[in-house]
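Here is the structure we will look at.
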Amino acid sequence: MESENPFVPSLLSPEQQSAADPDVFTVVDGRYILCYKRVSLPPVCVVTGKSHDLVPIAESLSFRWYRIVVRQHWVLCRCFLHSSIHRRRARMQRTNLLLKGIGFCLFFLPLGQDAIGFDLPNAGITCLIGVALFILGSLLVLLFASSSLKIAVVVDRRQYLLSGFTPAFFAAIATANWAPPESVFPK
């Protein structure tokens, strides 16, 4: 079930598994990454598979919000995005903050209209526009700026199967000459 992978970890004892190296991970079926609580992926964009003009990011991955879990699991993933993808996500997040800020102000403007001496003729419509802008900002981030990486399965409570990587990413790491960088995670 495992594919040919130059990053295959050696077998670890139970003591070593609890403090596993973040550079140790395994590619499973060419679609998943098997790792521990922390993982540092090679310098390849997780979306495009490009290995130049990259921006390092750190994400806290968890189960999606609609998964019902008794105990929430988290993985700290250090990965890379191509600068064009990173700029687009940052632009969408700024737009989200702007829309939510305007929506918040429009929602609460009717409450403070007496204090500022401003007479607002249609307070209900202003509140609805504020709510609509707040929801629109949230949808923009959800659709265009959120990461697709997530925990798919928890394996024996110590290892995690991550999903959401593109086939271009797996093709690039299979051919990359990559030496693990110094760990950026505190030990």
Side-chain angles (χ1 to χ4, degrees), residues 22 25 27-28 30-112 120 122-154 159-173 181 184-186:
F25 64 90
V27 175
V28 178
R31 298 183 315 169
Y32 302 104
I33 296 281
L34 181 67
C35 63
Y36 297 98
K37 284 202 169 282
R38 298 177 298 170
V39 63
S40 291
L41 298 177
V44 173
C45 176
V46 295
V47 177
T48 63
K50 295 180 181 177
S51 60
H52 65 283
D53 198 17
L54 299 174
V55 176
I57 61 170
E59 292 192 16
S60 295
L61 305 180
S62 65
F63 284 111
R64 292 290 187 190
W65 62 271
Y66 53 81
R67 293 267 312 256
I68 298 173
V69 292
V70 174
R71 179 175 162 236
Q72 187 64 282
H73 296 274
W74 295 91
V75 171
L76 183 57
C77 178
R78 182 180 178 270
C79 57
F80 295 85
L81 284 177
H82 190 264
S83 64
S84 63
I85 304 289
H86 186 265
R87 279 193 307 269
R88 182 184 57 155
R89 285 185 180 180
R91 191 172 40 249
M92 283 296 159
Q93 288 172 346
R94 283 192 304 268
T95 303
N96 165 45
L97 289 175
L98 179 67
L99 288 174
K100 283 184 172 181
I102 292 171
F104 186 79
C105 290
L106 287 177
F107 183 77
F108 288 107
L109 182 66
L111 295 176
L120 194 61
N122 292 328
I125 292 174
T126 305
C127 286
L128 287 177
I129 292 172
V131 169
L133 287 175
F134 197 86
I135 292 171
L136 180 64
S138 299
L139 286 175
L140 278 177
V141 166
L142 184 66
L143 296 175
F144 300 111
S146 62
S147 175
S148 61
L149 303 180
K150 65 180 185 277
I151 297 174
V153 176
V154 177
Q159 294 180 318
Y160 301 90
L161 204 58
L162 307 181
S163 66
F165 300 96
T166 61
F169 169 75
F170 289 114
I173 64 169
V184 297
F185 298 111

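Just so it is clear, the model here is predicted, and its values are computed rather than measured.
A search for side-chain contact (heavy atoms from CB on, under 4.5 Å) contacts involving Ile129 returns Leu106, Ile125, Leu133, not counting sequence neighbours. Under the side chain to side chain donor-acceptor pair (under 3.5 Å) criterion, His86 pairs with no residue at all, not counting sequence neighbours. For Leu97, the side-chain contact (heavy atoms from CB on, under 4.5 Å) test picks out no residue, with sequence neighbours left out. Taking the side chain to side chain donor-acceptor pair (under 3.5 Å) definition, one finds that Thr166 meets it with nothing, sequence neighbours left out. Not counting sequence neighbours, the partners of Leu136 by the side-chain contact (heavy atoms from CB on, under 4.5 Å) test are Leu99. Here Ser163 pairs with Tyr32, Lys150, Ala152 under the side-chain contact (heavy atoms from CB on, under 4.5 Å) rule; sequence neighbours left out. Taking the ring pair (Phe, Tyr, Trp, His ring centres under 6.0 Å) definition, one finds that Phe80 meets it with nothing, sequence neighbours left out.
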>> Checking Val44 against Phe170 for the side-chain contact (heavy atoms from CB on, under 4.5 Å) test, could you report, in this order, the C-alpha distance in whole Å, the side-chain angles of both residues, the deciding distance, and whether it holds?
In response: CA-CA 9 Å; Val44 173; Phe170 289 114; over 6 Å; no
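Considering all non-hydrogen atoms of both residues, His82 and Thr48 come closest at CB-OG1, 3.9 Å. Shown here for Ser138 and Lys100, the closest heavy-atom pair between the two residues is OG-CE, 3.0 Å. A pairwise comparison of heavy atoms in Pro43 and Leu54 identifies O-CD1, 3.2 Å as the closest pair. For the residue pair Leu76 and Ser60, the shortest heavy atom distance occurs at CD1-OG, 4.1 Å.
Using a distance-only test at 3.5 Å, with no hydrogens or angles considered, no donor-acceptor pair links the side chain of Ser40 to the main chain of Arg78.
Summarising the geometry, atom CZ belonging to Phe165 is positioned 8.5 Å from atom CD1 belonging to Ile173; distances are rounded to the nearest 0.5 Å. Once rounded to the nearest 0.5 Å, the distance linking SG of Cys79 with CG of Leu162 reads 10.0 Å. The line from OG1 of Thr126 to CZ of Phe107 is 11.5 Å long, rounded to the nearest 0.5 Å. In this structure, Leu161 CG and Ile151 CD1 are separated by 10.0 Å, a value rounded to the nearest 0.5 Å. The distance from atom CD1 of Ile57 to atom CG of Leu149, rounded to the nearest 0.5 Å, is 7.0 Å.
Using a 4.5 Å heavy-atom threshold, the side chains of Tyr36 and Gln159 count as touching. By the 4.5 Å heavy-atom criterion applied to side chains, Arg89 and Val55 are not counted as neighbours. The side-chain heavy atoms of Tyr160 and Lys37, taken from C-beta on, include a pair separated by under 4.5 Å. When side chains are defined from C-beta on, Leu41 counts as touching Phe169, because their heavy atoms get closer than 4.5 Å.
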